[in-house]
Asker: 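Okay, handing you the structure first.
Below, each value reflects all heavy atoms present in this structure, side chains not excepted, and no hydrogens, waters or symmetry copies.
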Amino acid sequence: MAAPATSHQSNPLITPYKMGTFNLSHRVVLAPLTRQRSYNNVPQPHAVLYYSQRASNGGLIIAEATGVSDTAQGYPDTPGIWTKEQVEAWKPIVDAVHAKGAVFFCQIWHVGRVSNSDYQPNGQAPVSSTDKPLTPQIRSNGIDKVHFTPPRRLRTDEIPHIVKDFRLAARNAIEAGFDGVEIHGAHGYMLEQFMKDQVNDRTDEYGGSLENRCRFPLEVVEAVVNEIGSDRVGIRLSPFAEYAECGDSNPKQLGLYMVNALNKYGILYCHMVEPRMKTFAQKIECPDSLVPMRKAFNGTFIAAGGYEREDGMKAIAENRADLVAFGRWFLANPDLPKRFALDAPLNKYNRETFYTSHPVLGYTDYPFLDEDSNGVAS
């Protein structure tokens, strides 16, 4: 039963919002979070509990980044959606989220050069916009160092095959029951490797000018829209970020170009990462803002990146976003919308268990405000 409206007047995060044909009861979105518990790239039964715990009636949930093909992988045990087995494995997870009354989108991705030959078919080199290698990186757990195989630059005639992989992944997501897909165009992965001038060094029609660099991501958008309909398509962008050595000389221009181009396809939403998040978990003071992109984009605008309750409320109140995505806090607080509504204390997250392969630890064992419910019976 809905709480009296008066109790939430001071919290814009807990107000209804109509996103296309979807009626949302609040503005708190589960951000797509890589959890590395999909053994052999197949979603597992333990994900049923994980996602249904975080589902609420009228809430929007975005599934973890999900590979579009066997060349799209770059991490252990991340899910895919290119095989029949993977599609079937997603179905009970989607059903459990829908049983809670939530809206569920699948984030589809290709990691590009953020990979090594261990994750590639036949041990081949990863593919990218470039053949420039990535230097070894400290994993986001802050401990492990990861080495990347130098990538192979995609030939011009190979790019349509990757576009097709995204299109088929979108079709498979709808077959699995998802309400739509979010195209992963952020965080230094394949689509950003084309968009950003500090990585893309191509001399064909996919390199050089801003228009050329954005051509491939927009071809992906067009193909996915044509496959499943614009009202089921979102995209995630991080023009200001520099994840995986993927920066741009004019991120504001890039962001504005992309949202204006996206308007032509009429997609449902644009999910953009705040400029303050240059790299993983590093929040910096920054004069840049997403407001110009928010004003230019015609659809729903989702802001993400280092948000907590107070600045999330402020972003909605000041009309800087329609919805706000939360990652670490939603991971550690499966009932986050309820806690935000009540201004209840939050569980602390444990970064050391973000990416362990355990089916429970750091995954489905974070307590609810009302422990009796425990996410099973409620």
Asker: Between Tyr269 and Phe297, is the ring centroid distance below 6.0 Å?
Answerer: no
Asker: Under 3.5 Å, side chain of Ser238 to main-chain N/O of Ala241, donor-acceptor pair present?
Answerer: no
Asker: Please tell me if the side chains of Arg153 and Arg202 come closer than 4.5 Å, counting only heavy atoms from C-beta onward.
Answerer: yes
Asker: Ignoring hydrogens and angles, state whether a donor on the side chain of Gln73 or Ser115 is under 3.5 Å from an acceptor on the partner side chain.
Answerer: no
Asker: Is there a path from Phe330 to Ile14 through hydrophobic residues (I, L, V, M, F, W, Y) whose side chains come within less than 4.5 Å of each other?
Answerer: yes
Asker: Between Asn57 and Ser25, is there a donor-acceptor pair closer than 3.5 Å when you use the side chain of the first and the backbone of the second?
Answerer: no
Asker: Counting the benzene-type ring for Trp, do Tyr51 and Phe104 have ring centres under 6.0 Å apart?
Answerer: yes
Asker: Given 3.5 Å as the limit, does a donor-acceptor pair link the side chain of Trp90 with the main chain of Gly80, or not?
Answerer: yes
Asker: Which heavy atom of Val233 sits nearest a heavy atom of Ile267, and at what distance?
Answerer: O-CB, 3.4 Å
Asker: Report yes or no: do His46 and Thr364 form a side-chain donor-acceptor pair below 3.5 Å?
Answerer: no
Asker: Evaluate side-chain contact (heavy atoms from CB on, under 4.5 Å) for Ile159 paired with Phe194, printing each intermediate quantity in order.
Answerer: CA-CA 11 Å; Ile159 291 173; Phe194 275 79; 3.7 Å; yes
Asker: For the side chain of Gln86 and the backbone of Thr83, is there at least one donor-acceptor N/O pair under 3.5 Å apart?
Answerer: yes
Asker: Is there a side-chain contact between Leu191 and His184, using heavy atoms and a 4.5 Å cut-off?
Answerer: no
Asker: Under the 3.5 angstrom rule, does the side chain of Arg54 hit a backbone N or O of Leu331 as a donor-acceptor pair?
Answerer: yes
Asker: Begin from the C-alpha positions of Leu60 and Asp179 and carry the test side-chain contact (heavy atoms from CB on, under 4.5 Å) through to its verdict.
Answerer: CA-CA 10 Å; Leu60 172 61; Asp179 297 295; over 6 Å; no
Asker: For atom NZ of Lys252, decide whether the heavy atoms of other residues, nucleotides or ligands shown that lie under 6.0 angstrom number more than 12.
Answerer: no
Asker: Would you please say whether a donor-acceptor pair under 3.5 Å links the side chains of His358 and Thr353?
Answerer: no
Asker: Between Gln193 and Arg113 (side chain of the first, backbone of the second, donor and acceptor by atom type, cut-off under 3.5 Å), is there such a pair?
Answerer: yes
Asker: Would you please indicate if the ring centroids of Phe326 and Phe340 are separated by under 6.0 Å?
Answerer: yes
Asker: Minimum heavy-atom separation for Pro251 to Pro239, with atom names?
Answerer: CB-O, 3.1 Å
Asker: A side-chain contact here means heavy atoms from C-beta on lying under 4.5 Å apart; do Ile62 and Leu30 qualify?
Answerer: no
Asker: Is Glu158 salt-bridged to Arg152, going by a charged N under 4.0 Å from an acidic O?
Answerer: yes
Asker: Could you tell me which non-hydrogen atom of Ser10 sits nearest to which non-hydrogen atom of Pro12, and how far apart they are?
Answerer: O-CD, 3.5 Å
Asker: When you compare the side chain of His187 with that of Cys246, does any pair of heavy atoms fall below 4.5 Å?
Answerer: no
Asker: Checking Asn350 side chain against Gly362 main chain: does a donor-acceptor pair fall under 3.5 Å?
Answerer: no
Asker: What closest approach, in Å, do Asn347 and Pro367 show between heavy atoms, and which atom pair accounts for it?
Answerer: ND2-O, 2.8 Å
Asker: Verify the distance criterion only: is there a donor paired with an acceptor across the side chains of Thr130 and Ser128 at less than 3.5 Å?
Answerer: no
Asker: Is there any salt bridge (charged side-chain N to carboxylate O under 4.0 Å, His left out) pair reaching into residues 163-175, and which pairs are they, with sequence neighbours excluded?
Answerer: Lys84-Glu175, Arg167-Glu227, Arg171-Glu227
Asker: Strictly by modelled atom types, are Asp197 and Ser249 linked by a side-chain donor-acceptor pair under 3.5 Å?
Answerer: yes
Asker: Answer yes or no: is there a side-chain heavy-atom contact under 4.5 Å between Trp82 and Val68?
Answerer: no
Asker: So Phe148 and Gln137, side-chain contact (heavy atoms from CB on, under 4.5 Å) or not? Walk me through it.
Answerer: CA-CA 9 Å; Phe148 304 99; Gln137 313 257 312; 3.2 Å; yes
Asker: Run the side chain to side chain donor-acceptor pair (under 3.5 Å) check on Thr15 and His26 step by step: do they pass?
Answerer: CA-CA 5 Å; Thr15 55; His26 58 78; over 6 Å; no
Asker: Say whether, by atom type as modelled, one donor and one acceptor occur between the side chain of Asn200 and the main chain of Met195 under 3.5 angstrom.
Answerer: no
Asker: As a quick check of understanding, evaluate side-chain contact (heavy atoms from CB on, under 4.5 Å) for Glu308 and Glu310, giving each step before the final call.
Answerer: CA-CA 6 Å; Glu308 301 190 13; Glu310 295 302 319; 6.0 Å; no
Asker: Examine His98 together with Phe178 and report whether their ring centres are nearer than 6.0 Å.
Answerer: no
Asker: So which heavy atom on Ser117 is nearest to which on Thr149, and how close?
Answerer: N-OG1, 2.8 Å
Asker: Does Val273 reach the side chain of Leu237, with side-chain heavy atoms less than 4.5 Å apart?
Answerer: no
Asker: How would you list all residue pairs meeting salt bridge (charged side-chain N to carboxylate O under 4.0 Å, His left out) that involve residues 18-38, not counting sequence neighbours?
Answerer: none
Asker: Before you tell me yes or no, could you show the steps for Asp204 and Thr156 under side chain to side chain donor-acceptor pair (under 3.5 Å), namely the whole-Å CA-CA distance, both residues' side-chain angles and the distance that decides it to 0.1 Å?
Answerer: CA-CA 7 Å; Asp204 63 1; Thr156 309; 2.7 Å; yes
Asker: Just by distance, no angles: are the side chains of Asp322 and Thr300 close enough, under 3.5 Å, to form a donor-acceptor pair?
Answerer: no
Asker: Hey, does the side chain of Asn250 reach the backbone of Gln253 with a donor-acceptor pair shorter than 3.5 angstrom?
Answerer: yes
Asker: Charged N to carboxylate O under 4.0 angstrom, Arg276 versus Glu274?
Answerer: no
Asker: Would you say that Tyr75 contacts Tyr355 through its side chain, given a criterion of any heavy-atom pair below 4.5 Å between the two side chains?
Answerer: no
Asker: Do Arg215 and Tyr206 have a side chain donor and acceptor closer than 3.5 Å?
Answerer: no
Asker: Are any of the side-chain heavy atoms of Ile162 and Phe216 separated by less than 4.5 Å?
Answerer: yes
Asker: Would you find a donor on one side and an acceptor on the other, under 3.5 Å apart, between the side chain of Arg232 and the backbone of Leu268?
Answerer: no
